[in-house]
Q: 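One structure, pasted below without further comment.
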Amino acid sequence: MLKPTIGIEVHVELKSNAKVYSTGKNDFKSPANTNMTLIDLGYPGTLPKLNQEVIHMALKACHAMHFHINKRMHFDRKNYFYPDNPKNYQITQFNTPIGCNGYVLIEVDGCEKKIEIEEMHIEEDTCKSAHRGNVTLLDFNRAGVPLIEIVTKPCISSSVEARLYIEKLRELLLYSDISDCKMEEGSMRCDANVSIRKRETDPFGTKAEIKNIGSISNVSLSIEKEIERQSKLYDNNEEFLPQTRRFDSKLNDTVLMRVKETGNDYRYFPEPDIPFIHLSDEDILEASKDIPMLPDERR
């Protein structure tokens with residue numbers, strides 16, 4: 001029987017009052033293009049200023065998920081060109097994520113399993129694109145909204161484990177008052193990387209990434225469909241290139257978006273307009289005290 005290997009990336013919008021690098025209001029329900037500043041619009045000469053509330057919330061997430069916290073960290077520029085990204089780069093963390101080597105515990109068939117998390121980093125969201133026929137409209141309210149990206153190790157072995165992990169993550173973030181985690185509004189978005197192999201000792205198989213899965217139930221379903229698709233190719237001795245897919249709820253299946261013939265070159269370099277961050281023991285302790293009783297302890 002073929003063995004799936006799954007890694008999950010989750011983007012979570014934080015509940016801060018302001019955006020991560022500007023004073024723009026962070027509010028999902030405002031009319032389009034009413035909460036934006038010159039920084040969000042990418043005007044030349046504007047300077048970002050880091051929102052300390054975002055650091056505090058990210059530290060709370062680190063405590064909730066047992067991360068090692070980087071006390072000295074910096075931000076990086078991730079360079080890419082896309083209509084929803086007016087600066088043509090995104091301010092994120094690459095070499096020094098705020099948290100690394102964390103975990104959450106899930107229960108599968110009465111047994112506890114540790115889902116290992118590679119890292120968690122802070123970054124900014126992009127504009128929201130709205131497609132109207134042949135026209136695409138941009139809403140800058142979302143540009144600059146603070147995100148944490150949480151990336152697991154390739155340690156998930158089934159769609160059931162993937163669903164339980166997302167449910168546990170959502171529960172922790174909700175109880176910690178870090179995010180409202182409304183997947184239908186885009187404040188929690190999930191990508192799944194799926195490959196299969198014959199034995200656990202074999203090298204990893206060719207990976208397909210399923211982007212922007214819109215609900216917890218679809219996380220499980222899209223992974224099952226992708227495992228099924230790859231298994232048929234494997235049984236027929238067919239190969240495929242690494243690729244990006246999406247889950248189509250009408251077709252109830254994953255659909256090809258693009259093939260990854262070459263790796264992305266984002267040309268990361270340290271963000272010159274934000275100084276290095278030095279977290280004190282007091283900063284870390286204060287964040288831990290701000291976490292209420294979490295679900296497992298409450299149960």
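Please read all numbers here as calculations on a predicted model, not as lab measurements. We count residues from 1, following the sequence as given.
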Q: So does K25 have more than 12 non-hydrogen atoms from other groups sitting under 6.0 Å from NZ?
A: no
Q: Looking at Y103, is its backbone amide N or carbonyl O close enough to the side chain of H66 to form a donor-acceptor pair, meaning the two atoms are under 3.5 Å apart?
A: yes
Q: Nearest 0.5 angstrom please: I210 CD1 to I223 CD1, how far?
A: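 If we round to the nearest 0.5 Å, I210:CD1 and I223:CD1 are 6.0 Å apart.
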Q: Taking atom CZ of F75 and atom CE of M73, what is their separation to the nearest 0.5 Å?
A: 5.5 Å
Q: Using 4.0 Å as the upper bound for N to carboxylate O, is an ion pair formed by D191 and R189?
A: no
Q: Do V54 and I291 belong together in a cluster built from hydrophobic side chains that touch within less than 4.5 Å?
A: yes
Q: Between D235 and K232, does at least one N-O distance fall below 4.0 Å, as a salt bridge requires?
A: no
Q: Is K15 salt-bridged to D180, going by a charged N under 4.0 Å from an acidic O?
A: no
Q: Where do R299 and E171 land on the salt bridge (Lys or Arg N to Asp or Glu O under 4.0 Å) test, with the steps shown first?
A: CA-CA 13 Å; R299 280 189 283 266; E171 189 179 61; 3.1 Å; yes
Q: Answer whether the closest heavy-atom distance between the side chains of V12 and V10 falls below 4.5 Å.
A: yes
Q: Looking at N70 and P97, would you say the former's side chain and the latter's main chain have a donor-acceptor pair under 3.5 Å?
A: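 Yes; judged by distance alone, with no hydrogens or angles, the pair exists.
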Q: With side-chain contact (heavy atoms from CB on, under 4.5 Å) as the criterion, how do L47 and Y21 come out once you've worked through the C-alpha distance, each side chain's angles and the decisive distance to 0.1 Å?
A: CA-CA 8 Å; L47 291 173; Y21 308 120; over 6 Å; no
Q: Quick one, E123 with E149, criterion side-chain contact (heavy atoms from CB on, under 4.5 Å). Give me CA distance, side-chain angles, the key distance, then yes/no.
A: CA-CA 8 Å; E123 61 186 22; E149 182 175 358; 3.5 Å; yes
Q: Is the count of non-hydrogen atoms from other residues, nucleotides or ligands lying under 6.0 Å from K198 atom NZ greater than 12?
A: no
Q: Hey, is the main chain of F94 close enough, under 3.5 Å, to the side chain of D76 for a donor-acceptor pair?
A: yes
Q: Going by atom types only, do E13 and H11 share a side-chain donor-acceptor pair under 3.5 Å?
A: no
Q: With a 6.0 Å cut-off (strictly less than), is the heavy-atom count around OH of Y80, excluding the residue itself, greater than 12?
A: yes
Q: Under a 3.5 Å cutoff, is there a donor and acceptor pairing between the side chains of Q93 and H74?
A: no
Q: Does a sphere of radius 6.0 Å around CD in E238 hold more than 12 heavy atoms from other residues, nucleotides or ligands, not counting ones at 6.0 Å or beyond?
A: yes
Q: Count the heavy atoms belonging to other residues, nucleotides or ligands that lie under 6.0 Å from OH of Y82, then report whether that count exceeds 12.
A: no
Q: Can you tell me if NZ on K3 sees more than 12 non-hydrogen neighbours from other groups inside 6.0 Å?
A: no
Q: Above 12 or not: heavy atoms from other molecules or residues under 6.0 Å from NZ of K128?
A: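 12 or below, so no.
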Q: Can you see which heavy atom on Y175 is nearest to which on R298, and at what distance?
A: CE2-NE, 3.6 Å
Q: Got T5 and S157 here, is their nearest side-chain heavy-atom distance under 4.5 Å?
A: no
Q: I'd like to know whether CD of E200 has more than 12 heavy-atom contacts from other residues, nucleotides or ligands below 6.0 angstrom.
A: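 Incorrect, the count does not exceed 12.
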Q: Do the non-hydrogen side-chain atoms of C155 and I115 ever get within less than 4.5 Å of each other?
A: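 In contact.
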Q: Would a 4.5 Å heavy-atom cut-off, applied to side chains only, mark R77 and P272 as touching?
A: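 R77 reaches P272 side chain to side chain.
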Q: Answer yes or no: is there a side-chain heavy-atom contact under 4.5 Å between H121 and E119?
A: yes
Q: Atom NZ in K114, atom NZ in K153: separation rounded to 0.5 Å?
A: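 Separation between the atoms: 9.5 Å.
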Q: Check for a donor-acceptor pair, side chain of D283 on one end and backbone N or O of S280 on the other, with a separation under 3.5 Å.
A: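 Pair found, side chain donor or acceptor close to backbone of S280.
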Q: Is any side-chain N of the basic residue among K225 and D253 closer than 4.0 Å to the acidic one's carboxylate O?
A: no
Q: CD1 of I8 to CD of E161: how many Å apart, nearest 0.5 Å?
A: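 The CD1 atom of I8 sits 9.5 Å away from the CD atom of E161.
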Q: With distance as the sole test, does R163 use its side chain to make a donor-acceptor pair with the main-chain N or O of I166 at under 3.5 Å?
A: no
Q: Give the minimum heavy-atom separation between S176 and A64, together with the two atoms involved.
A: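 Looks like OG-CB, 3.9 Å.
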Q: For the backbone of N35 and the side chain of K19, can you confirm whether one donor and one acceptor N or O come within less than 3.5 Å of each other?
A: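 A pair under 3.5 Å: yes.
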Q: Judged by atom type as modelled, is there a donor-acceptor pair below 3.5 Å linking the side chain of K168 to the main-chain atoms of L105?
A: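 Yes; at least one donor-acceptor contact below 3.5 Å.
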Q: Looking only at atom types and distance, does a side-chain atom of N141 sit under 3.5 Å from a main-chain N or O of N33, one as donor and one as acceptor?
A: yes
Q: Can you tell me if E226 uses its side chain to pair, donor with acceptor, with the backbone of T254 under 3.5 Å?
A: no
Q: Is there a donor-acceptor contact under 3.5 Å from the side chain of S179 to the main chain of L173?
A: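 Not at all, since once roles are kept as given, no pair shorter than 3.5 Å links the two residues.
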Q: Please tell me if the side chains of M65 and L172 come closer than 4.5 Å, counting only heavy atoms from C-beta onward.
A: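 Touching, per the 4.5 Å side-chain cut-off.
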Q: Are V194 and Q230 packed together at the side-chain level, in the sense that at least one heavy-atom pair is separated by less than 4.5 angstrom?
A: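 The answer is yes, as the side chains (C-beta and beyond) meet within the 4.5 Å cut-off.
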